[in-house]
Amino acid sequence: MEIGNRIVYPMHGAGEVVGIEENEVGGVKQSYYVLHLSMGNLKLMLPVDKIEEIGIREIIDKDKVHEVAEVLAGRSERSFGSWNRRYHATLDRLKSGDILEVAAVARNISRQSLKRKISSGERRLMELARQILISELVYVLEKPADEVTHWVDEHIERRIDDDEDEENLEKE
């Protein structure tokens, strides 16, 4: 990884490597990447030798955006099990750092919130998924966050009527 690289930090979103610093902690000198994460305007320092372990990856190529759009517009997945089990399964998907998993989480919970009141825990997961997704797409699409947010919302809302029709058919 080099200064200027755009990366994704799972559970935090996309950012840019703005520097490499050497610090001494507990008598041990170590090199750190200095990352600036655009969403939340965070500055983080991550040990150079832990990057793979943490799951840092470069942002997706522009040609993968169509796959993200397909996931966002795709059929919602049904949630099964207790709230605790669903919550941890969702967290695992977000921790994976895979943009398609994050897009699926954002789609599923966003659609739920449009149909019914969701819990505060679900709302936090939805906001986190959307933040992670949008922060990466801002870099990939080279557009401002509000335009990317609108693009994401359009794709998520595109399939809602179809999902409701499918749910009604299943109830009959």
Side-chain angles (χ1 to χ4, degrees), residues 6-16 35-42 44 46 54-172:
R6 292 176 170 176
I7 54 86
V8 175
Y9 184 0
M11 295 294 292
H12 294 279
E16 188 171 340
L35 307 176
H36 177 262
L37 301 180
S38 57
M39 301 299 265
N41 202 22
L42 291 174
L44 300 172
L46 300 173
I54 294 170
I56 300 290
R57 66 167 173 80
E58 290 194 11
I59 64 170
I60 61 169
D61 292 327
K62 203 169 195 164
D63 61 356
K64 191 166 180 165
V65 171
H66 77 279
E67 290 179 53
V68 174
E70 287 175 2
V71 169
L72 291 172
R75 185 175 183 189
S76 297
E77 299 163 359
R78 298 222 179 254
S79 298
F80 296 102
S82 68
W83 157 245
N84 193 35
R85 175 173 270 156
R86 289 191 318 268
Y87 179 82
H88 287 289
T90 300
L91 268 182
D92 288 344
R93 291 179 89 174
L94 295 178
K95 287 178 185 176
S96 76
D98 181 333
I99 193 168
L100 299 179
E101 290 293 320
V102 173
V105 168
R107 173 200 63 211
N108 294 340
I109 302 176
S110 293
R111 286 187 184 159
Q112 285 176 12
S113 76
L114 293 170
K115 294 177 186 176
R116 64 173 172 78
K117 184 173 172 47
I118 60 174
S119 70
S120 59
E122 288 172 309
R123 182 157 306 283
R124 282 191 301 274
L125 287 174
M126 177 184 73
E127 289 168 358
L128 178 59
R130 290 172 60 85
Q131 175 182 324
I132 294 167
L133 178 65
I134 291 166
S135 71
E136 183 167 2
L137 291 174
V138 161
Y139 284 120
V140 176
L141 297 172
E142 299 175 346
K143 297 197 180 290
D146 60 333
E147 285 184 37
V148 174
T149 300
H150 181 72
W151 182 87
V152 167
D153 289 341
E154 278 186 333
H155 283 81
I156 288 172
E157 293 169 9
R158 182 172 294 163
R159 182 75 190 228
I160 290 173
D161 294 333
D162 293 340
D163 282 347
E164 288 174 357
D165 290 344
E166 290 168 7
E167 284 177 16
N168 291 333
L169 285 173
E170 290 172 7
K171 288 179 185 175
E172 294 176 358

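Values below: every heavy atom of this structure, side chains too, minus hydrogens, waters and symmetry copies.
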Chemist: With heavy-atom distances below 4.5 Å as the criterion, would you say the side chains of Val71 and Ile99 are in contact?
Modeler: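 When only atoms from C-beta onward are counted, Ile99 and Val71 do not touch, as no gap falls below 4.5 Å.
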
Chemist: Are Arg158 and His155 packed together at the side-chain level, in the sense that at least one heavy-atom pair is separated by less than 4.5 angstrom?
Modeler: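 Yes. Closest side-chain heavy atoms under 4.5 Å.
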
Chemist: Would you give the length of the straight line joining atom CG of Leu133 to atom CZ of Arg130, rounded to the nearest 0.5 angstrom?
Modeler: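 It is 8.0 Å, given to the nearest 0.5 Å.
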
Chemist: Show, in sequence, the C-alpha distance, side-chain angles and deciding distance for Thr90 and Asn108, and conclude whether the side chain to side chain contact (heavy atoms under 4.5 Å, CB included) test is met.
Modeler: CA-CA 10 Å; Thr90 300; Asn108 294 340; over 6 Å; no

Chemist: Taking Asp61 for its side chain and Asp63 for its backbone only, find out whether a donor-acceptor pair lies under 3.5 Å.
Modeler: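 The answer is no, because no donor-acceptor pair under 3.5 Å joins these two groups.
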
Chemist: Look up atom CG in Leu42 and atom NE2 in His36, then write down how far apart they are to the nearest 0.5 Å.
Modeler: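 So the gap between those two atoms works out to 8.0 Å.
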
Chemist: Just how far is it from atom NZ of Lys115 to atom OG of Ser110, taken to the nearest 0.5 Å?
Modeler: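 Nearest 0.5 Å value for the NZ-OG distance: 11.5 Å.
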
Chemist: What are the two closest heavy atoms between Ser135 and Ala14, and how far apart are they?
Modeler: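 Looking at all heavy atoms of both residues, the closest pair is OG-N, 2.8 Å.
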
Chemist: Hey, what do you get for CG (Leu72) to CG (Leu100), rounding to the nearest 0.5 Å?
Modeler: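 That separation rounds to 9.0 Å.
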
Chemist: I want to check something: taking the side chain as every heavy atom from C-beta on, are Val68 and Ile60 in contact at a cut-off of under 4.5 Å?
Modeler: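 Heavy-atom side-chain distance check passes, below 4.5 Å.
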
Chemist: For Ile118, does its backbone N or O pair with a side-chain atom of Arg123 as donor and acceptor, under 3.5 Å?
Modeler: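 Absent.
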
Chemist: Please round to the nearest 0.5 Å and tell me the distance separating atom CD1 of Ile156 and atom CZ of Arg111.
Modeler: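 If I round to the nearest 0.5 Å, the distance is 7.0 Å.
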
Chemist: Just by modelled atom types, is the Val105 backbone N or O under 3.5 Å from a matching donor or acceptor in the Arg93 side chain?
Modeler: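 No; zero donor-acceptor contacts below 3.5 Å.
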
Chemist: Please list all pairs meeting salt bridge (charged side-chain N to carboxylate O under 4.0 Å, His left out) that have one or both residues in residues 82-91, counting only residues at least two apart or in different chains.
Modeler: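 Qualifying pairs, neighbours excluded: none.
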
Chemist: What heavy-atom pair brings Arg107 and Ser76 nearest, and what distance separates the two atoms?
Modeler: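 Smallest interatomic distance, heavy atoms only, reads NE-CA, 3.9 Å.
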
Chemist: In sequence, state the C-alpha distance, the side-chain angles, and the governing distance for Ile59 and Lys64, and then conclude on side chain to side chain contact (heavy atoms under 4.5 Å, CB included).
Modeler: CA-CA 10 Å; Ile59 64 170; Lys64 191 166 180 165; over 6 Å; no

Chemist: Could you list the donor-acceptor pairs under 3.5 angstrom formed between side-chain atoms of residues 137-150 and any protein atom two or more places apart in sequence or on another chain?
Modeler:
residue: Thr149; atom: OG1; partner: Ala145; partner atom: O; Å: 2.7
residue: His150; atom: NE2; partner: Glu154; partner atom: OE2; Å: 3.1

Chemist: On a heavy-atom basis, which atom in Leu37 and which in Gly13 lie closest, and how many Å separate them?
Modeler: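 Between these two residues, the closest heavy atoms are CD2-O, 3.9 Å.
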
Chemist: As an exercise, state the distance from CG of Leu91 to CG of Leu128, rounded to the nearest 0.5 Å.
Modeler: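 It comes to 8.0 Å.
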
Chemist: Going by the rule side chain to side chain contact (heavy atoms under 4.5 Å, CB included), which residues pair with Ile54 if we only count those two or more places apart in sequence or in a different chain?
Modeler: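 By the side chain to side chain contact (heavy atoms under 4.5 Å, CB included) rule, Ile54 matches Tyr9, Leu46, Lys50, Ile56.
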
Chemist: Taking only Lys NZ, Arg NE, NH1 and NH2, and the carboxylate oxygens of Asp or Glu, determine whether Arg6 and Glu136 approach each other closer than 4.0 Å.
Modeler: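 Looking at Arg6 and Glu136, the cut-off is not met.
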
